[in-house]
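Below: the structure, in structure tokens.
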Amino acid sequence: MNTMKWLIQREYWENKGMLFWAPAIVGSLMVLFSGVMVAFGMNMNVQIDGEKIARFHEMTTIQRHDVANAFGAAFPMVATPLYILMAFLIFFYCLGALHDDRRDRSILFWKSLPVSDTETVLSKVAMALVAAPLIVAVIGFASSFAILLIGSIALSFHGLNVFSDLMSSTALWLSPFRMLSLIPIYLLWALPTVGWLLMVSSWARSKVFLWAVGAPLMSGALLAWANAGFKLGLNIEWYFTQVVLRLLGSVLPGNWMIFDEGARRAMEQAERGDLPPASQVAVFYNEAYASLASPTLWIGVAAGVAMIAAAIYLRRWREEN
């Protein structure tokens, strides 16, 4: 356990610029831009059931409660740009995680230590799937809360004092914990991409990006060509969605809305039904938990574990040969 903890700390130290400072800078810029918009008097129109509410004292108790719940439930979603950035950071971190050690020959130093290849690879998996999402989530919460306060101040300039209702809203204080509860689900859905990138990073001697991205895309293109030329009757769209996109895009947060048909349909129905924002957020969380019953998820988990095992073997084999 101490060895794994030390290895994860090593990964953080070596990639601190990518895994901490990049999201921290983006989050700070988001807060700064929000403050600038408020300072320059951007117009903010609040609507409840399609009706513009001009002043807070004109709102009913139910409307005030709806505004507070909507803000409280959705405020972590304000950090969506950070979560998208996280997907790219994890992608490129995994892409170079095992290749860079071989390229700069630092692998010889690490292999001289009493640390196995299994522990080394698993520490990189833990960094990508647990530590990095936690870091971004904390930065995202801080940024979102700051933007929420800025927005509340801006609303107060328009006669909408939401502070008391917002701070007493249980949705506000539960939202960070609900978001953190998605990390284990994200971990499972992201395994295929992380496994694939680590396997390629462990195997490729050069041009890792071309191998990692080009191989799945080229396989899909060749399959589409063969299907058209020889009338094979294959479902090429399924292949690109469930194989190519799973290998390359599973690190995108909320990807179960892409790969799980049930979750996608439920979210589309919620949007078409004009549900309140708080209810739509609740549907998102419910479908995330429901996706644990999806066979697509567990097939991807099995494939991801197999590719991580291959990365462990290849790390040892590449150096010995």
Side-chain angles (χ1 to χ4, degrees), residues 7-23 25-26 81-108 110-111 117-136 183 186-221 240 243-253 255 258-259 300-301 303-319:
L7 287 172
I8 294 174
Q9 286 179 337
R10 166 219 167 186
E11 292 299 319
Y12 175 73
W13 292 332
E14 291 188 348
N15 299 277
K16 189 174 182 179
M18 173 189 290
L19 299 176
F20 175 78
W21 286 114
I25 291 172
V26 172
L82 282 177
Y83 302 130
I84 296 175
L85 173 66
M86 180 189 74
F88 285 96
L89 295 179
I90 292 175
F91 186 96
F92 286 101
Y93 166 76
C94 293
L95 200 61
L98 298 174
H99 176 262
D100 291 346
D101 284 352
R102 298 200 324 274
R103 184 179 59 185
D104 60 18
R105 308 305 292 171
S106 62
I107 189 174
L108 300 177
W110 296 113
K111 279 184 172 290
D117 292 308
T118 299
E119 290 174 320
T120 300
V121 174
L122 290 182
S123 70
K124 297 176 186 296
V125 173
M127 190 72 230
L129 293 180
V130 180
L134 279 173
I135 292 170
V136 174
I183 290 181
Y186 172 76
L187 182 157
L188 295 173
W189 278 102
L191 264 175
T193 297
V194 170
W196 167 251
L197 295 175
L198 287 176
M199 185 177 71
V200 175
S201 180
S202 184
W203 169 79
R205 295 189 184 278
S206 62
K207 300 178 178 60
V208 186
F209 181 82
L210 290 179
W211 281 111
V213 177
L217 292 177
M218 185 59 68
S219 69
F240 271 98
V243 178
V244 176
L245 193 57
R246 282 302 301 277
L247 287 178
L248 300 179
S250 290
V251 289
L252 186 68
N255 65 78
I258 301 173
F259 302 118
V301 168
V305 170
M307 287 185 286
I308 290 171
I312 295 171
Y313 171 77
L314 287 169
R315 176 179 168 83
R316 185 182 307 114
W317 176 81
R318 271 300 194 193
E319 183 59 27

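For Ser219, the side-chain hydrogen bond (donor to acceptor under 3.5 Å, both in side chains) partners are Tyr239, not counting sequence neighbours. Residues satisfying the side-chain hydrogen bond (donor to acceptor under 3.5 Å, both in side chains) criterion with Tyr93, sequence neighbours excluded, are Glu11.
When atom types are taken as modelled, the side chain of Trp21 and the backbone of Lys16 share no donor-acceptor pair closer than 3.5 angstrom. Side-chain atoms of Ser202 do not come within 3.5 Å of backbone N or O of Met199 as any donor-acceptor pair.
In this structure, OG1 in Thr118 is found 4.0 Å from CD1 in Ile312, a value given to the nearest 0.5 Å. Atom CG of residue Leu217 and atom CG of residue Leu210 lie 11.0 Å apart, to the nearest 0.5 angstrom. Put simply, CH2 on Trp189 and CG on Leu129 are 14.5 Å apart, with the number rounded to the nearest 0.5 Å. One distance of note links NZ of Lys124 with CZ of Arg10; it measures 4.5 Å at 0.5 Å rounding. Here the straight-line distance linking atom NE2 of His99 with atom CG of Leu197 works out to 13.5 Å at 0.5 Å rounding. Here the straight-line distance linking atom CG of Asn255 with atom OG1 of Thr193 works out to 7.5 Å at 0.5 Å rounding.
Within the 4.5 Å cutoff, the side chain of Met127 has heavy atoms near those of the Ile135 side chain. Between Ser250 and Trp196 the shortest side-chain heavy-atom distance does not fall below 4.5 Å. Side chains of Leu247 and Met307 form a contact here, defined as non-hydrogen atoms less than 4.5 Å apart.
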* Which is it for Ser123 and Ile8 under the side chain to side chain contact (heavy atoms under 4.5 Å, CB included) test, yes or no, and what are the steps along the way? -> CA-CA 5 Å; Ser123 70; Ile8 294 174; 4.2 Å; yes

* Chi angles and distances behind the side chain to side chain contact (heavy atoms under 4.5 Å, CB included) call for Leu89, Asn15 -> CA-CA 10 Å; Leu89 295 179; Asn15 299 277; over 6 Å; no

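The two residues Cys94 and Val194 have their closest heavy-atom pair at SG-CG1, 4.0 Å. Contact record, Pro133 with Tyr186: CG-CE2, 3.9 Å, taken as the closest heavy-atom pair. Taking all atoms of both residues into account, the shortest heavy-atom contact from Leu248 to Pro216 is CD2-CG, 4.2 Å. In this structure, Ala97 and Leu198 approach most closely via the heavy-atom pair CB-CD2, 3.8 Å. Of all heavy-atom pairs spanning Leu95 and Ser201, the tightest one is O-OG, 3.0 Å. The two residues Ala128 and Ala132 make their nearest non-hydrogen contact at O-CB, 3.9 Å.
Under the 30°/60° scheme for interplanar angles, the aromatic rings of Phe209 and Phe92 are found to lie parallel.
Results of the side-chain contact (heavy atoms from CB on, under 4.5 Å) test with Met86 over Val251, Val26, Leu252, Val136 single out Val136 as the only residue that passes.
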